[in-house]
Amino acid sequence: MTATTEKERQEFQQEVAAWFVENNPGDPGFLLPETFMEVGTDAQFEYLRDWQRKVYEAGFLGMAWPEEYGGRGMPQVFQDIATQEMASQRLPFMPNTIGLNWAGPLILKMGREEDKQKYIKNILSAEDIWCQGFSEPEAGSDLGNSQCRAVRDGDDYVINGSKIWTSLGSYAKYMILLARTSTGGANKYAGLSYFLAPMHVEGIDPKPIQKLTGEYGFCQTYFDNARIPADCLMGSEGEGWNIAMVTLTFERGATGGQAGGIASMELNINDVVELSRRAMRNGKPAIEDPHIRSQLVQLITESRGNQLMAARAKIPALATDWPTAVPMSGKLRGSELKRRMCQLAVSLQGANGARFVSEQAIDGGKWQRSYFNSFSGTIGGGTSEIQHNIVGERVLGLPKS
Amino acid sequence: MSSQITFSDEQTMLLDTATEFCRKHSPIETVRARLDADQIDATTWKEITDLGWLGINVPEEFGGLGLGLSCVVPVAESMGRYLMGTPYNGAITASECLATSGSREQKEEWLPKIVSGAIGAMALIETNGSWILDQIEAQAIASEDMFELSGTKCFVTDADAADFYIVSVNVEAKARLALVKREQIPEGNLHREIVIDETRRSYQLDLDGIMVPVDQLLEGSDFQAIEFASLLLLSAEITGGLVGSIHTIVEYLNTRRAFDKVIGSYQALKHPTVKILLDLEASRSHLYHAATVLADDNAGEAEIALRMAKAHGSAAFAFAGDRAVQFHGGFGFTYECDAQLYLRRALWCQYQFGDEAYHRQLLEPILLD
Ligand SMILES: Cc1cc2nc3c(=O)[nH]c(=O)nc-3n(C[C@H](O)[C@H](O)[C@H](O)COP(=O)(O)OP(=O)(O)OC[C@H]3O[C@@H](n4cnc5c(N)ncnc54)[C@H](O)[C@@H]3O)c2cc1C
Ligand SMILES: Cc1cc2nc3c(=O)[nH]c(=O)nc-3n(C[C@H](O)[C@H](O)[C@H](O)COP(=O)(O)OP(=O)(O)OC[C@H]3O[C@@H](n4cnc5c(N)ncnc54)[C@H](O)[C@@H]3O)c2cc1C
């Protein structure tokens, strides 16, 4: 990495800040989803896709990705500054999350030259939306037990079975697909293979599923003799599990290399504090309630703790004993904190806590909806229970249960 | 402090009958089918009336059974157990309110009607969501022999089906209770509200433009009786809801498999489920203790018991609903999964008539000072 000077960084920060102020896409006039897992209407999708394209074209996405594939080949620190600016200006998120944060870095790390040429630029521009076909109705946490079949037939693989909870399934052009190419093998993992699969193929049918909020946002993807070109296979047959594990380290943020840009509507404890000044409990602003104050302070401390962990993790001398504890637990800490923050936000509202998305509800009911949606974080991408197991086993060295 | 629970033969019988009735009338498919119903289930309401359940707490001289509120608890608990959506709790609170605050004539006029199925709805809470029932904004201004009402009430459940409403209003700066008849509500004053528990049919009631004769002001204004009845019924509903959510969780934990084991074998799920069970056991104990002291007319003990029951139950049910979703994994994130029904019910119950923090704060001076 080329060294950058403090001055360069500051100048860049001012440039980005100014661009984002100038180009803020503004209120769309409808409730936006909070993460890519909740994109439920075409209007939401198009608004976010157009925004990602604009940010990419302005040069603030994929800045550290190689120039020959559509990035800018710059030091990561510039991308971090741009991403940070998007977060602090509370801008909409980049909807092609799976492409930008896990399929993209995976292809850059392990893909063939032609894959990089073919996919990377369109991931950045949101031209090609990506989805992830890992979970199945009978295999989620136990991903290695996936049963969806891929059988080689001439120049094609023929796919049969189904994947479920496919976020962005209705909008995606490609899927990172984990499928079984053989049922024999030493163990359940041995027969799995990994595909960069096209979605717009006969026999692939993503059917929307209604979420607990009542909205739509993910799909069950059915494969009925769907033929995909054999060169969609990544690596070789049987390597699927290893590639899936690399994917998951990108997904859970345990490894760097993502394109950058925010991946969700940042919800932070300051928003809850701000709400507590407006929301009334028994005729007084909630912030005057001693019980609420104490809980707010607790969550502020916890939030700050998460930020500080990120800062400390960059100082190797202070990351001793269990150096991977912080990166390996990021998703767990973040998603559980968000869930509790939303619970607290609802509890600030007195009897109005019992409302749901509507004009009468405080902030249109966004907190109740956020609480329900927060389970996407504690379940999606590996549940909190599984995250605890992973940290216990891989970080602390405890045996598997 | 008292720690007694008495459970009469009548209560035992009511618990049996009500459990069976609700199981039969409110299987989960029916609960779901009724989520966007725009009317109450009149057939079930008629059966509930015929069973005499609307008169359980009504004194015999007014056509009821005179068994007191404590005998309503098994019915309310059973309804909660099967997520049954009926105007029962509102109607019982209304009759309790009339029995405690109504004049002789008011009781004579209304209690027999309630026993035979007239639906009463409570209109107490206002847009600021305060749980302090006698601190309100709504007004009743006397002009000759009529009161002119103004203000807005929220969370008036089953208001569209109600025959009358008990509305809290300030009369000369003091919170009072007025009975408003259905026909006294102008067209367009009721608006359906979107609430978190879709089994509830909740309405906003605009009071502006409502005129009622002065004799519809209740003689007394026993807000404590209203609060007590509401806390008791909600705690019963919560206790039932906890039972239902535990069954839902346990069934999934015993059937869903991951890593070649049923997921219930994982302690990450098993132990919190045990916690929910123990919370239920405590909630049910608090509940029936509250019913006992209420029946003994011991207001001091009743306040402690009811606030404890509601505080403990609110937190427990909210936790159970939250875990029910989490423990169903991806399926838990869907509308199709029953976990969301319990979570939504739990949040409704938690935020009606005071959450756990509120009741604990009210218990602090009683228990500590
Ligand atoms: C909003 C959302 C979006 C998603 N998007 C995608 C997507 O785009 N692509 C995709 O492939 N998948 C997606 N998923 C699926 C997600 O990865 C799975 O739901 C998750 O991994 C859990 O798998 P499962 O649903 O089969 O639950 P199960 O594995 O059946 O888990 C049920 C419960 O058992 C617990 N459990 C299981 N095993 C253990 C154990 N060993 N120890 C302790 N507890 C255990 C779990 O924690 C959970 O509470 C999404 C999920 C959600 C909720
Ligand atoms: C004050 C005291 C008095 C006692 N008096 C008597 C006595 O009079 N007579 C007598 O016979 N014994 C007595 N005991 C012993 C007591 O019953 C044992 O200590 C206890 O059963 C735990 O066994 P252990 O010490 O072998 O711990 P272990 O069984 O080794 O447990 C160690 C830890 O592992 C946990 N653990 C073990 N198995 C599991 C599992 N399957 N799932 C989850 N966690 C698990 C335990 O909870 C504990 O935290 C006494 C102990 C104490 C502390």
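Owing to the predicted nature of the structure, the values given are computational and were not obtained by experimental measurement. Proteins get letters first, then strands, A, B, ... in listed order; numbering begins at 1 in each.
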Quick check on the interface: out of A:Gln343, A:Met280, A:His291, A:Gln360, who has the most heavy-atom pairs with chain B under 4.5 Å?
A:His291

Extract all donor-acceptor atom pairs below 3.5 Å that involve side chains of residues 361-369 of chain B and protein atoms in other chains or at least two apart in sequence.
| residue | atom | partner | partner atom | Å |
| --- | --- | --- | --- | --- |
| B:Gln361 | NE2 | A:Asp289 | OD1 | 2.7 |

Using a cut-off of under 4.5 Å on heavy-atom pairs, state which of A:Asn389, A:Asn373, A:Leu143 scores highest against chain B.
A:Asn373

With a 4.5 angstrom heavy-atom cut-off, is it the side chain or the backbone of A:Val357 that approaches chain B, or both, or neither?
backbone

Let me know if A:Ala139 has heavy atoms under 4.5 Å from chain B in its side chain, its backbone, both or neither.
backbone

Which bit of A:Lys284 comes within less than 4.5 Å of chain B, counting heavy atoms only: side chain, backbone, both or neither?
neither

Which bit of B:Leu341 is near chain A, if near means a heavy-atom gap under 4.5 Å: side chain, backbone, both or neither?
neither

Relative to chain B, which segment of A:Asn352 carries a heavy atom at a distance below 4.5 Å: side chain, backbone, both, or neither?
both

Chain B heavy atoms under 4.5 Å from A:Glu138: which part of the residue, side chain, backbone, both or neither?
both

Counting only heavy atoms closer than 4.5 Å, note whether B:Gln204 contacts chain A via side chain, backbone, both or neither.
side chain

Residue selection (most heavy-atom pairs with chain A, distance under 4.5 Å) from B:Arg257, B:Arg256, B:Arg360, B:Glu336
B:Arg256

Is any residue of residues 209-219 of chain A within less than 4.5 Å of chain B by heavy atoms, and which ones?
A:Ile209, A:Gln210, A:Lys211, A:Leu212, A:Thr213, A:Gly214, A:Phe218

Structural part of A:Arg281 lying under 4.5 Å from a heavy atom of chain B
side chain

